[in-house]
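Nothing here was measured: the structure is a model prediction, and the numbers come from that model.
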Amino acid sequence: MNELWSLSAQQVSSRVRNGDFTIEDYVFQLLERINAIDDKIKAFITVNDDALETARKIDTKIKRQETIGPLAGVAVGVKDNICTKNIRTTCASKLLHEYKPPFDATVISRLKERDAIIIGKLNLDEFAMGSTTEFGSFGPTHNPWDPNYVVGGSSGGSAASVAASECTVSLGSDTGGSIRCPASFCSVVGFKPTYGSVSRYGLISYSNSLEQIGPIARTVSDIVMMMNAISGHDENDNTTHFQKMYEFSDASDLKKPVRFGLVKELIEGSDPVISRLVYSSMDLLSSAGFKWEEISLNSIDYSLASYYTIAMAEASSNLARYDNLRYGFDCQPEGYEWNSYFSTIRNNFGDEVKKRIMIGSHVLLSGYYSKYYLKAQKIRSILRQEVKKLFKYIDILISPTMPVLPFRLGEGIDNPMKRYLIDANTVIANLIGIPAISIPTGFNDKLPIGVQLMADEMQDQLLLSVSKIYERIAGVRRKPDFI
Amino acid sequence: MVSIEHVKHLAWLSRLDLSNEELVKYHIEIEKIIEYLDRLDSITLSDVEPRYYKKSVSEFRNDQVLETRTDLSKTTKNIKDGYVKAPKMR
Amino acid sequence: MTGIVRIGVEIHCQLTGLNSKLFCKCRGDYRNDLPNRNVCPICTGQPGTMPLLNNKAIDYSCMIALALGCTIPSEMGFYRKNYFYPDLPKNYQITQYDSGGIGSVGSNGKLEFGKEYARIRRIQLEEDPGRLIYEGGDMDTSFYTLVDYNRAGTALVEIVTEPDFKDAATVRAFLNKLTSILEHLGVCNTKLEGSVRCDANISIDNGKRVEIKNVGSFREVEKALNFEIIRQESLSSRNIEIKSETRHWDNERKVTKQSRAKEEEQDYKYFLEPDIPIVLLDKSYLNSIQQTMPELPDKRRTRFVEEYHLSDHVSQVLINNKEMADFFESAVRIYSSPKEIANWLVSDLMSYIGVSKTDETSLTDLKIGPRHIAELAKLVDENSISRHTAKSMLNRILRTGEMPSQLVGQFDSSKIIDEKILTKAIEDTFDSERAAVIDASSNPSVINFLLGKVLKLTKGRADPQIALSLIMDKLNKN
């Protein structure tokens with residue numbers, strides 16, 4: 001059977017059960033495809049050598065009519081900052097090029113328990129610090145819609161591989177938009193759940209209080225399928241909470257009419273091409289009978305500064321552990337004075353990481369703590385209060401996922417502040433911990449545009465249900481040309 | 001204003017052995033970013049409290065042992081007689 | 001001339017009563033392990049791991065805070081103290097701190113000891129770092145360092161006092177009381193090597209503060225402080241300025257040494273650990289801790305006075321060492337003669353194990369237990385043996401562990417000092433050893449032979465001194 005790689009996770013899971021094809025065939029086709037096209041895209045850092053072997057094992061289970069997991073056979077790509085036991089996990093950093101974690105992240109064990117197949121590890125900005133997937137030690141990932149364009153980031157490999165059908169679904173991590181931005185730039189669906197819905201055990205920390213693991217897929221239904229596998233309380237992560245199974249139905253939670261709020265400041269800050277597309281989506285929602293209005297979020301002016309302060313502060317501390325003693329690459333410490341050994345080793349971080357570590361140190365200095373870090377935390381509170389008020393009469397907040405279209409690789413790379421500003425729409429959800437999703441909504445010429453939907457915290461089910469409706473009414477689904 | 005001396009200090013605090021070239025380059029970029037973050041200074045929020053996640057004592061782990069015996073020789077080559085080899089302290 | 005001395009101390013006490021480490025499931029008892037065998041991804045700081053707070057450690061730290069009269073906040077938090085050091089697996093330590101209303105487990109406490117008291121500034125729960133070993137034994141000369149992470153992540157409670165102590169002896173008395181409290185709470189076995197460590201700060205006449213670090217045991221603290229007081233006084237008397245500095249206690253040479261030139265001022269960049277939620281210490285929780293807390297030394301002393309009618313002094317001596325107090329109560333449960341038993345413990349057993357060495361010597365190392373002392377007291381009470389015999393018996397059973405009742409035959413009464421009985425025995429001996437009696441006048445060494453015979457006849461019970469003089473008298477008369 002041909003083109004098994006183009007199937008959705010739902011299709012794979014039901015058709016292998018029916019015996020339409022074997023998981024081995026499907027995985028083999030994916031591996032062939034990765035072999036054939038990943039040179040152009042560079043989504044993969046590592047392909048899992050054991051994928052075919054695992055596929056055969058699950059095929060045997062099916063043949064013997066043993067019980068198989070809900071994700072049986074589904075090939076999942078994993079962002080390379082999520083620990084996979086005995087498969088190297090690099091964070092696209094020279095400091096971890098040889099690192100094979102001694103344990104699986106909770107999300108990985110849950111996928112394996114459900115008979116999913118880890119097909120490989122996907123490219124990112126070094127330690128997830130970036131919005132373009134240009135800043136990793138393995139070089140940039142290229143956009144499947146045009147390889148001269150950035151793929152977004154930092155989960156660029158996760159979005160590009162799904163868009164190019166090199167894997168069926170993937171896992172990314174989202175600290176300030178790192179799932180939604182590349183999903184938008186690659187025309188796939190990317191979901192960041194409520195903080196604490198998915199265990200971060202095994203996610204290599206960039207900014208603990210902001211980030212969540214989430215799925216990237218070509219359909220909202222596949223997102224739901226993945227969330228049912230990975231979410232829920234984990235005794236290895238003190239910040240997780242218990243979570244009911246998510247429903248696939250798009251009507252179950254909509255007992256009352258859904259009210260949409262379009263965030264004015266975020267529309268105004270966007271490229272006009274993008275705003276126009278968002279407004280036409282709103283028209284489509286209106287004609288389908290949904291009510292929407294423009295709303296205002298005043299604290300947005302400070303959200304980005306608050307976000308970068310917190311992310312960099314936490315990063316400066318999280319990345320202190322990379323001193324090459326307990327893990328790392330081969331560099332004998334003998335003869336070095338310890339400070340100079342540490343400094344020499346740590347100079348192997350890339351530019352972006354080094355800058356963020358230094359700025360993070362700056363905002364935490366005792367003389368500056370209340371000026372930056374404490375203030376940033378307070379802004380989180382204010383933003384939260386403001387958004388909570390909105391959610392009293394609005395169910396779903398809408399904005400463009402990204403204020404800009406995908407741009408050319410290397411464009412504006414010498415103006416990092418300008419690069420930071422493109423995270424303005426996505427950081428809000430991370431600062432207050434609410435769920436947010438990016439859904440493919442249109443194109444400008446060949447460049448994808450995504451729309452972001454946000455719901456109140458713990459309203460992930462509502463958001464997913466509405467996303468299915470939105471996907472049907474206003475969404476687009478295309479495959480990149482060269483594929 | 002962020003002085004180049006201050007950036008040097010930040011590099012030391014972060015244990016980064018920057019070349020002069022890097023120092024000059026980072027200084028310019030770091031200064032721009034810190035200037036942007038300075039906008040946090042323009043609002044007063046004295047009566048606002050940060051929000052924290054809270055749990056009661058019983059929600060934390062019970063005092064039970066699970067021996068893992070992680071083998072550090074699988075993640076580092078700097079092993080001697082079971083110890084991790086580190087640089088000299090002076 | 002002696003100026004006004006002000007001393008404050010910082011005590012690190014390991015919560016050895018825990019089964020597991022503070023933030024992971026590795027064993028809390030890392031001693032006697034091969035290097036890096038008691039480790040897991042969390043305590044070696046592997047990327048992607050998160051601290052998993054041990055709730056028993058919260059209980060223990062609250063118990064200590066309550067015992068030291070501290071205020072316990074309704075919410076406490078953990079902070080990252082950021083600094084690089086090769087014994088720190090994450091290059092930050094998770095500890096407690098006070099910022100923005102989120103503080104540590106205890107503050108503003110007070111501990112009375114004897115007629116004195118010391119104010120407790122703060123108590124915090126934190127993780128212990130790993131252990132560095134200098135190849136060749138010396139930090140200055142070794143070409144590399146070896147790291148063992150077995151200890152990394154074990155739970156510590158840090159107790160910081162105000163500078164309320166006037167001399168080293170008072171610090172020692174405070175530490176003794178603290179030790180007894182920790183032992184009574186069952187949170188820390190203070191006898192284990194490195195389980196309690198003490199740093200001190202000291203100033204004279206409101207001068208510059210000198211920190212003393214690296215003091216390995218409570219016993220050394222007194223020596224280190226006395227050395228430092230004399231050093232500072234000697235400097236002042238010669239008008240040499242005392243510098244604000246950190247000095248290390250050299251355990252071999254018994255001196256404090258200047259630490260290497262201070263690196264620039266440390267900025268620990270404290271911030272709340274994002275992976276540990278704020279811990280709620282509500283009233284009902286604290287009440288349950290209060291109610292299930294073991295009896296504290298002060299209360300126990302009062303009870304000893306009331307229940308066993310011991311003197312305040314004897315009660316205090318027993319309670320200063322929890323093992324001794326426990327030993328006492330176990331013995332009393334076996335045979336209820338509190339005063340007699342207390343007497344045996346305070347005057348005999350303690351001098352045997354050497355009260356001054358309670359830091360190291362443990363009662364559990366002895367061959368005898370409460371059963372022995374209870375039986376000894378019973379035998380004395382029943383007049384089965386004299387107190388004098390009992391003392392000799394104690395000396396023997398301390399070595400052998402035999403039960404006193406088994407020895408009554410051998411020690412079946414006191415020495416025979418009754419001259420009538422002795423004279424009778426001597427007469428019998430003289431009758432049966434006539435030749436020897438005759439020889440004795442010309443050969444004095446035969447006298448010892450006769451004494452031996454007398455002792456044999458009395459099964460060793462004859463008092464040799466008295467018997468000897470009686471023999472001499474009789475020989476002279478002959």
Side-chain angles (χ1 to χ4, degrees), chain A residues 81-83 89 91 95-96 99 101-103 105 127 196 199-205 207-210 235-239 310 313-314 316-323 325-327 332-336 338-339 341-343 346 360-370 373-374 377-378, chain C residues 23-25 36 39-53 55 78-94 97 99-102 130 132 135 139 142-147 149 152 263 265-279:
Chain A
N81 61 349
I82 298 173
C83 289
T89 300
C91 282
L95 280 100
L96 291 178
Y99 182 60
F103 66 100
F127 284 100
S199 168
R200 286 179 293 115
Y201 180 70
L203 169 65
I204 298 180
S205 303
S207 179
N208 325 48
S209 74
L210 295 165
E235 60 160 27
N236 286 317
D237 178 353
N238 277 326
T239 63
I310 290 161
E314 290 180 4
S316 74
S317 172
N318 286 330
L319 271 62
R321 69 186 63 192
Y322 302 103
D323 57 21
L325 296 187
R326 298 156 302 283
Y327 39 83
Q332 282 297 312
E334 206 166 310
Y336 277 99
W338 72 275
N339 285 298
Y341 182 75
F342 280 18
S343 304
R346 291 167 57 76
S361 292
H362 174 81
V363 299
L364 284 174
L365 287 174
S366 55
Y368 293 119
Y369 177 83
S370 54
Y373 190 75
L374 186 61
Q377 292 289 9
K378 288 179 171 185
Chain C
F23 296 124
C24 66
K25 297 175 186 170
N36 295 314
V39 293
C40 74
I42 295 176
C43 60
T44 53
Q46 302 279 335
T49 55
M50 293 184 246
L52 298 175
L53 180 59
N55 61 21
F78 287 87
Y79 288 77
R80 290 188 186 178
K81 181 181 183 180
N82 293 288
Y83 65 101
F84 285 89
Y85 211 71
D87 62 4
L88 273 185
K90 304 179 289 294
N91 284 314
Y92 58 80
Q93 181 197 28
I94 303 179
Y97 185 67
S99 162
I102 303 293
L132 296 182
E135 193 80 332
M139 185 201 257
S142 65
F143 207 51
Y144 55 88
T145 313
L146 296 175
V147 199
Y149 296 99
E263 291 161 12
E265 197 62 28
Q266 282 276 24
D267 191 323
Y268 292 119
K269 299 178 286 170
Y270 284 102
F271 71 100
L272 271 172
E273 165 61 59
D275 286 332
I276 305 178
I278 299 295
V279 183

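Contacts between A:Leu365 and chain C at a heavy-atom distance below 4.5 Å involve backbone atoms as well as side-chain atoms. Heavy atoms closer than 4.5 Å to chain A are found nowhere in C:Thr145, neither backbone nor side chain. Looking at A:Tyr341, there are no atoms closer than 4.5 Å to chain C (heavy atoms on both sides), in backbone or side chain. Heavy atoms of C:Lys81 lying under 4.5 Å from chain A are absent altogether. Both the backbone and the side chain of A:Glu235 come within contact range of chain C, judged by heavy atoms closer than 4.5 Å.
Contact tally against chain C (heavy-atom pairs below 4.5 Å) for A:Asn318, A:Leu96, A:Leu374: the top residue is A:Asn318. Taking chain C as the reference chain and counting heavy-atom pairs below 4.5 Å, the highest number among A:Leu319, A:Val363, A:Asp237 is found for A:Asp237. Ranked by non-hydrogen atom pairs under 4.5 Å with chain C, the options A:Cys91, A:Ser209, A:Ser366 are led by A:Ser366. Most heavy-atom pairs under 4.5 Å with chain C, from the set A:Gly335, A:Pro102, A:Ser370, A:Ala313: that is A:Gly335. Counting heavy-atom pairs closer than 4.5 Å to chain A, the top-ranked of the candidates C:Tyr144, C:Tyr149, C:Tyr270, C:Phe84 is C:Phe84. The candidate from A:Tyr201, A:Tyr327, A:Tyr322, A:Tyr336 with the greatest count of non-hydrogen atom pairs under 4.5 Å with chain C is A:Tyr327. The choice from C:Pro89, C:Cys40, C:Pro41 that makes the most heavy-atom pairs within less than 4.5 Å of chain A is C:Pro89. Options A:Ser207, A:Ser317, A:Gly202 differ in how many heavy-atom pairs under 4.5 Å they form with chain C, and the most are formed by A:Ser317.
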For side-chain contact (heavy atoms from CB on, under 4.5 Å), just list the numbers for C:Asn91 and A:Phe342, CA-CA rounded to whole Å, side-chain angles, deciding distance to a tenth of an Å, and then say yes or no.
CA-CA 11 Å; C:Asn91 284 314; A:Phe342 280 18; 3.9 Å; yes
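Nearest heavy atoms, C:Arg80 versus C:Glu273: NE-OE1, 2.7 Å.
Side chains of A:Ile82 and A:Thr89 form no contact here, defined as non-hydrogen atoms less than 4.5 Å apart. Side chains of C:Asn82 and C:Tyr268 form no contact here, defined as non-hydrogen atoms less than 4.5 Å apart. Using a 4.5 Å heavy-atom threshold, the side chains of A:Asp323 and A:Trp338 count as separate. For the pair A:Asn238 and C:Asp275, the minimum side-chain heavy-atom distance is 4.5 Å or more.
Residues satisfying the side-chain hydrogen bond (donor to acceptor under 3.5 Å, both in side chains) test with A:Arg346, not counting sequence neighbours, are none. Every residue two or more places apart in sequence or in another chain that forms a side-chain contact (heavy atoms from CB on, under 4.5 Å) with A:Ser361 is listed here: A:Ser316, B:Leu10, B:Ser14, C:Lys269.
Judged by distance alone, with hydrogens and angles left aside, the side-chain atoms of A:Arg321 form no donor-acceptor pair with the main-chain N or O of A:Arg326 at under 3.5 Å.
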